[in-house]
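Comments concern the structure below.
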Protein chains: 2
Amino acid sequence: MADVARIAGVSHQTVSRVLNHHPNVRPGTRDRVLAAIEELGYRRNLSARALVTRRTNTLGVVAFDTTLYGPASTLFGLEQAARDAGYFISIVSLKTINRKTVGEALDYLAAQAVDGLIAIAPQVEAAAAVSALQGHVPVVAVEGGEADGMPVVAVDQTRGAELATRHLLGLGHRTVWHVAGPADWLEAEGRRRGWQRTLEAAGIALPPVVEGDWSPRAGYTAGRRIANAARTGRATAVFVSNDQMALGLLRALHEAGVRVPQDVSIVGFDDIPEAEFFTPPLTTIRQDFAEVGRKSIALLLDLIETGPRPETERIVVAPALVVRASTAPPATT
Amino acid sequence: MADVARIAGVSHQTVSRVLNHHPNVRPGTRDRVLAAIEELGYRRNLSARALVTRRTNTLGVVAFDTTLYGPASTLFGLEQAARDAGYFISIVSLKTINRKTVGEALDYLAAQAVDGLIAIAPQVEAAAAVSALQGHVPVVAVEGGEADGMPVVAVDQTRGAELATRHLLGLGHRTVWHVAGPADWLEAEGRRRGWQRTLEAAGIALPPVVEGDWSPRAGYTAGRRIANAARTGRATAVFVSNDQMALGLLRALHEAGVRVPQDVSIVGFDDIPEAEFFTPPLTTIRQDFAEVGRKSIALLLDLIETGPRPETERIVVAPALVVRASTAPPATT
DNA sequence: CCGCCCGGTGTGAGCGCTAACAACCCGCCT
DNA sequence: AGGCGGGTTGTTAGCGCTCACACCGGGCGG
């Protein structure tokens, strides 16, 4: 910086002012400084800057299994939005999620002195661990619970489940079965609730819930059970809590000779890129992960700038129904 | 740090020594310092440290479409390995890859003064853009080309393709068709070469190559073409360059009434979690992405520690054939 | 018995930047 | 004409840390 100042014939402070877009610099001076910067290929040292401003311009992200389509997409959106806003992102990706691992992750990010934190904390326990940070550093939860007074950005899971269930009822199905995600996942819970609420509103008794762990294998296991129910005509429509499980379910039904959608209709959740090419193409609920990422960053930056809000912020992103070939009116109609 | 020093009754320099595991500190002194650190909940300021050491302890990663299973898994492995080694990771995830976007990404990471760089640069052009950095900062390419004298960690794509093609020939198929990835992707090129080499070694004429863009849709399009060839008995086996395209292919064949594996055998590449639950379960080539991540970090850290190597390093990870239900001997045998 | 060496510790400087303040120039008002 | 205010620039003082070096004391060899 001293070199730049010398070449431009100004003081290092003026260089600093140019770099920080300070208004009170004469245009001619600014140009000379910029030229000198260009000439030297100068880059300011962000460590030194962070040292004095006490801002690292880095946002921490705690995520879980970024190999899955959902978290990976959210992360992608997060990263784009942060970069656009001039922030860096530091990610900790967890294999297993519990109070201990989340605690370690937060420690690691704290060591980095991040300016703010985004927690993709879709599990009850993780959400609790993160909310302990409240007040220390700005935090935004993605897909988190409604509790704890933590600002949250999330897709409206309940609404998505309603969309799915209504679609099936609208086709004439008497009832809708449900293959749920793990009970300690907030998203699984929201989807189960939306399904339940819709059936109850229609005065329909709830079929048993089959619980899975999001994996195709779990869907397959659930599928064998549902194939039995389908053969006796008890099950003609299923709302599956994610597309991967729907894939396993499709496979189990195929093996059992149950036709989709003629015998059983299926709706998934997520709209992974593969869903369109399942056999048959899957009707599902699309989540706009990129939008979630953008809104999360926007909220976090706002929190960093203006300090915490008196009321708890909750931003909701709307899901959308994508109708493909895995749903049809029941055969008996 | 001054506070810690005061409480422990030592100088700030001794505190620094304890923090850096300097050997010449008396155990009693060390304990006092550690106790003081504990008491105050002290955390050292990494910006200040970076300012004087000129090391940020941060590694940059340039990746492409981290939404895909392969890159996402590699990233996950990278992140784990870096964290274990005490490094932070800064990721730039690109939507489109070309000289300009890669250049911007590298700029962004340079601004952060990363200690080293990992480039997931599976495209010819990207690899070229990255190799321009050579010498400036340590760089390791993941899945990069063999050119440019850049250290590379990669899965042996050619070997994987050989495994797939041999498997099909071993089952008695006269020839093997190939649905390739985009020509400018190094992985697509490696797989195509492995397939070609194997057929040539067996003295078999090459069927036409169908080129796709990795998407299920491209596989679907390719599948319609191959369905025609299958009906006339010209195609009985296909090696598809990734699992997503294989899914689309499966779907197209299903629609055309071509049975898999009775009429046509299919082998994919990647072993995505869904592959096991395709209809039918897909025979494919598994890549150990986590291992690639670990080896990349290990190599990069070594480069950072000991400086550049005289000879070009190339670390290869072996792929594995996973046999499932999408392959069988040809009907005519 | 002296001096040297080495383990353990303290002192001072400075990494590159920004914040606060001082200094200057200029036009304009009194 | 003198002074005042605002725009523009320079000067100084750290931010919290590590490095280089000085220092101190005790064991050991000459």
Side-chain angles (χ1 to χ4, degrees), chain A residues 1-58 86-88 110-115 137 304-305, chain B residues 1-58 86-88 110-115 137 304-305:
Chain A
M1 190 179 240
D3 296 345
V4 173
R6 199 172 332 111
I7 293 200
V10 297
S11 74
H12 63 130
Q13 174 61 341
T14 299
V15 177
S16 170
R17 275 192 267 260
V18 170
L19 252 18
N20 295 317
H21 307 107
H22 192 94
N24 294 343
V25 179
R26 200 176 303 166
T29 312
R30 167 174 294 120
D31 293 346
R32 283 212 316 285
V33 171
L34 290 176
I37 287 175
E38 182 71 23
E39 182 183 337
L40 263 48
Y42 165 79
R43 280 231 166 79
R44 81 170 137 196
N45 182 320
L46 291 181
S47 298
R49 182 182 159 83
L51 180 57
V52 55
T53 57
R54 284 135 193 296
R55 297 279 245 70
T56 52
N57 253 260
T58 301
Y87 274 78
F88 299 108
Q112 247 186 116
V114 295
D115 293 340
V137 61
I304 290 174
E305 302 282 307
Chain B
M1 190 181 238
D3 296 345
V4 172
R6 198 173 332 107
I7 292 200
V10 297
S11 74
H12 64 126
Q13 173 60 351
T14 299
V15 177
S16 169
R17 275 192 268 259
V18 170
L19 251 20
N20 294 318
H21 308 108
H22 192 94
N24 294 344
V25 178
R26 203 174 301 166
T29 312
R30 166 173 296 119
D31 293 345
R32 283 212 315 285
V33 171
L34 290 176
I37 287 175
E38 182 71 22
E39 184 183 336
L40 263 49
Y42 165 78
R43 280 228 167 81
R44 81 170 136 193
N45 183 319
L46 291 180
S47 298
R49 182 182 159 82
L51 179 58
V52 53
T53 58
R54 285 135 192 298
R55 295 279 244 69
T56 52
N57 254 260
T58 300
Y87 274 79
F88 299 108
Q112 247 186 114
V114 295
D115 293 340
V137 61
I304 291 173
E305 300 282 307

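Naming: A, B, ... by sequence-line order, numbering from 1 per chain.
- In terms of position along DNA chain D, the nucleotide closest to A/Ser11 lies nearer the 5' end than the nucleotide closest to the other residue of the pair A/Ser11 and B/Val15.
- One interatomic measurement links the two molecules: CZ of B/Arg32 to C1' of C/dG10, which rounds to 14 Å at whole-angstrom precision.
- Atom CD in B/Gln13 sits about 7 Å away from atom C1' in D/dT18, given to the nearest Å.
- For the pair B/Leu19 CG and D/dC19 C1', the interatomic distance rounds to 15 Å; values are reported in whole Å.
- The two residues B/Phe88 and A/Gln112 have their closest heavy-atom pair at CD2-NE2, 2.9 Å.
- Considering CZ of B/Arg44 and CG of B/Asn20, their distance stands at 4.5 Å, rounded to 0.5 Å.
- Of all heavy-atom pairs spanning B/Thr56 and A/Ser47, the tightest one is CG2-OG, 4.2 Å.
- Phosphate contact (OP1/OP2 of D/dT18, side-chain N/O of B/Thr53, threshold under 4.0 Å): absent.
- In terms of phosphate contacts, A/Arg55 brings no side-chain nitrogen or oxygen within less than 4.0 Å of OP1 or OP2 of C/dT18.
- A close approach under 4.0 Å does occur between a side-chain nitrogen or oxygen of A/Asn20 and OP1 or OP2 of C/dT18.
- A pairwise comparison of heavy atoms in A/Ile7 and A/Leu40 identifies CD1-CD1, 3.3 Å as the closest pair.
- Taking atom CZ of residue B/Arg54 and atom P of nucleotide C/dC17, one finds them 10 Å apart after rounding to whole Å.
- Counting only heavy atoms from C-beta on, A/Tyr42 has its side chain closest to C/dC17 among C/dG10, D/dC17, C/dC17.
- Proximity note for B/Leu51 (side chain, C-beta onward) versus C/dC15, C/dC17, C/dA13: the nearest is C/dC15.
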#### Entry: From CA spacing to verdict: side-chain contact (heavy atoms from CB on, under 4.5 Å), B/Arg55, B/Ile304
CA-CA 10 Å; B/Arg55 295 279 244 69; B/Ile304 291 173; 3.9 Å; yes
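- Between the P atom of D/dC19 and the CE atom of B/Met1 lies a distance of 11 Å, rounded to the nearest Å.
- For the pair A/His22 NE2 and D/dG7 P, the computed distance is 10 Å after rounding to whole Å.
- The phosphate of C/dG16 (OP1 or OP2) has no side-chain N or O of A/Ser47 nearer than 4.0 angstrom.
- Phosphate contact (OP1/OP2 of C/dG10, side-chain N/O of B/Arg17, threshold under 4.0 Å): absent.
- Looking at the side chain of B/Val52, the nearest of the listed nucleotides D/dT9, C/dT18, C/dC15 is C/dC15.
- D/dG16 atom C1' lies 10 Å from atom NE2 of B/His12, rounded to whole Å.
- Neither OP1 nor OP2 of C/dC15 sits under 4.0 Å from any side-chain N or O of B/Arg49.
- Whole-Å rounding puts the A/Asn45 CG to D/dC17 C1' distance at 13 Å.
- Contact check, B/Asn24 against C/dG8: a side-chain N or O comes under 4.0 Å of OP1 or OP2.
- Phosphate contact (OP1/OP2 of C/dG10, side-chain N/O of B/Thr14, threshold under 4.0 Å): present.
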